[in-house]
Amino acid sequence: MDKTQQFIQENKQRFLDELIELLKIPSISADPAYTQDVYDTAEKVADFLTKAGADNVSIEETEGFPVVYGDKIIDPALPTVLVYGHYDVQPADPIELWESGPFEPVIKETTIHPEGAIFARGSADDKGQFFMHVKAFEAMIAANELPCNIKFMIEGEEEVGSPSLVNYVKNNREKLKNDVILISDTSIISNDQPSINVGLRGLSYIEVEVKGADRDMHSGVYGGAVPNPINILCSMIDKLIDDKGHITIPGFYDNIIEPTAEEREELAKIPFDVEDYKKSIGIKDIQGEEGFSTIERASTRPTLDVNGIWGGYIGKGAKTVIPSHAYAKISMRLVPGQDPDDITQKFVDYFPTLAPNSVEVKVMPHHGGKPYLLPTSHKGFKAAKKALSETFEKEAIAERGGGSIPIVALFEEELGTKSVLMGFGLDSDVIHSPNEHYGLFNFYKGIETIPYFYQYFVQE
Ligand code: BES
Ligand code: MN
Ligand code: MN
């Protein structure tokens, strides 16, 4: 891989300039105002793949935003790696909290990134990360050192739950056939401690409505005698988690595959300073489920969180009113063993039982996603560990990611292959938040590491 590495060193600035072009397009999949931008981004990704040397590049229509496909099959007898990523991004709001425009990428130094980091929506999640694969591929092609077959599949709907991807994958099983799937859309522990995500949490997302009277009412004339849906919704939500931090939905913890003692030991090795953690996000104290460490709470344990709650008067000044309706969006992160449909049904059955007879409760499930686990005995894990350990000059460790990439479990069901989550971001990159950024160290280290993954995977 010497020539590949040399090509990378010689083209660093151009790689960055190209990423900046990609980051300038606001490919927000959730907001219909940006539909054209999402399509434009797909075009650009296809262009980059072609220029890098991919064959069969195509923008594949789906029921929603297109998937960009491209491949290089050098020898059918060699292993095939499918690279997955997403070119869509989260909405930028609250926009006023960005120090520079979310789609006007700038490079700034930070304490964690003395080499500089690129600030833009999508820089770490996931444009900056999938782009590393395009550039690593380009370098291997240019150096004539590509050791296996590669297929790229970069989608445009990940941030809205990949609704069209299920059918796309089902309809393209042969085309997507592979020996392993490689994804960079997660984080490492720190720039001094490489890690591989061997797990992802699943998701069950639900919206609820509590309805009281037919109309908003004067809170003096009626107050005290009629149900207040907001008060009731708050007390219902409060009952969902007990004072030990356990979720009270009957059967919620059934079937969970607990991490082995070995895995818990491995997790305990992750360097973690609670004071730094609190400081980094501006909280006075941590909290969570009794009996588990912060790292476990945020990765191996399931959660229930209100993502939004509204109703009543929220305009300026005061209005004395009893609202007729209250709403909340609630998400549950699930861990291996839990099934999103099953958990959603348990919530649907349980939540209304927490309400008094005075109100009507509606429960509306949104998207879900299955959790995922990669055994450390898998060839792909071993190859990733070797590759990371080589370029970071430090042994990579296994950890679980707290976030979700629902398509990963679907890939396993439909294509029968495992995904290796070799991400290069940091939790402090503030993905989904204002001032998202991606370290230049991480961007380049990723490009340098990826070729070794292929090399070691072929050798495994
Ligand atoms: N890249 C993230 C997922 C992630 C981040 C996993 C960090 C592990 C560590 C992905 O783009 C994402 O945001 N996923 C959503 C899924 C949802 C939209 C279905 C999530 O986790 O909320
Ligand atoms: Mn992502
Ligand atoms: Mn995301």
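Indexing begins at 1, ligand by ligand and atom by atom, following the structure's order.
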### Query
Side-chain contact, heavy-atom cut-off 4.5 Å: Lys24 with Pro105?
yes
### Task
Consider every N or O of Thr186 and every N or O of ligand 1, then say whether any pair is closer than 3.5 Å.
no
### Ile431: numbered ligand 1 atoms lying under 4.0 Å from its heavy atoms
5 (C)
### Query
Looking only at distance, does Asn197 have an N or O less than 3.5 Å from an N or O of ligand 1?
no
### Query
Would a line drawn from the ring center of Phe65 to the ring center of Tyr39 be shorter than 6.0 Å?
yes
### Message
Over 60° means perpendicular and under 30° means parallel, so tell me whether Tyr84 and Phe411 are parallel, tilted or perpendicular.
### Response
perpendicular
### Message
Please check whether Glu158 reaches ligand 1 - meaning an N/O of the residue sits under 3.5 Å from an N/O of the ligand, judged on distance alone.
### Response
yes
### Under 4.0 Å to a heavy atom of His86 - the qualifying atoms of ligand 1, by number
11 (O)
### Heavy-atom gap Leu421 to ligand 1 smaller than 4.0 Å
no
### Task
Give the name of the N/O/S atom in Asp125 that lies closest to the Mn ion (ligand 3).
OD2
### Message
At less than 2.8 Å, would any N/O/S atom of Glu159, backbone or side chain, sit next to the Mn ion (ligand 3)?
### Response
yes
### Task
Could you tell me if any non-hydrogen atom of Pro406 lies under 4.0 Å from any atom of ligand 1?
yes
#### Entry: Arg333 neighbourhood, listing ligand 1 atoms whose heavy-atom distance to it stays under 4.0 Å
20 (C), 21 (O), 22 (O)
### Glu159 neighbourhood, listing ligand 1 atoms whose heavy-atom distance to it stays under 4.0 Å
11 (O), 12 (C), 13 (O), 18 (C)
### Message
Distance alone, cut at 3.5 Å: any donor-acceptor contact between the side chains of Ser299 and Arg201?
### Response
no
### Task
Would you please classify the geometry between the Phe131 ring and the Phe443 ring as parallel, tilted or perpendicular, with 30° and 60° separating the classes?
parallel
### Short N or O distance, Gln90 and ligand 1, threshold 3.5 Å exclusive
no
### Parallel, tilted or perpendicular: ring planes of Tyr327 versus Trp310, cut at 30 and 60 degrees
parallel
### Query
With a cut-off of 2.8 Å, does Asp185 place any N/O/S atom under that distance from the Mn ion (ligand 2)?
yes
### Task
Compute the minimum heavy-atom distance from His432 to ligand 1 and say whether it is under 4.0 Å.
yes
#### Entry: N, O or S from His86 under 2.8 Å to the Mn ion (ligand 3)
no
### Message
Asp185 versus ligand 1: do any nitrogen or oxygen atoms come within less than 3.5 Å of each other?
### Response
yes
### Message
Can you see whether Ser187 engages Asp427 through a side-chain donor-acceptor pair at a distance of less than 3.5 angstrom?
### Response
yes
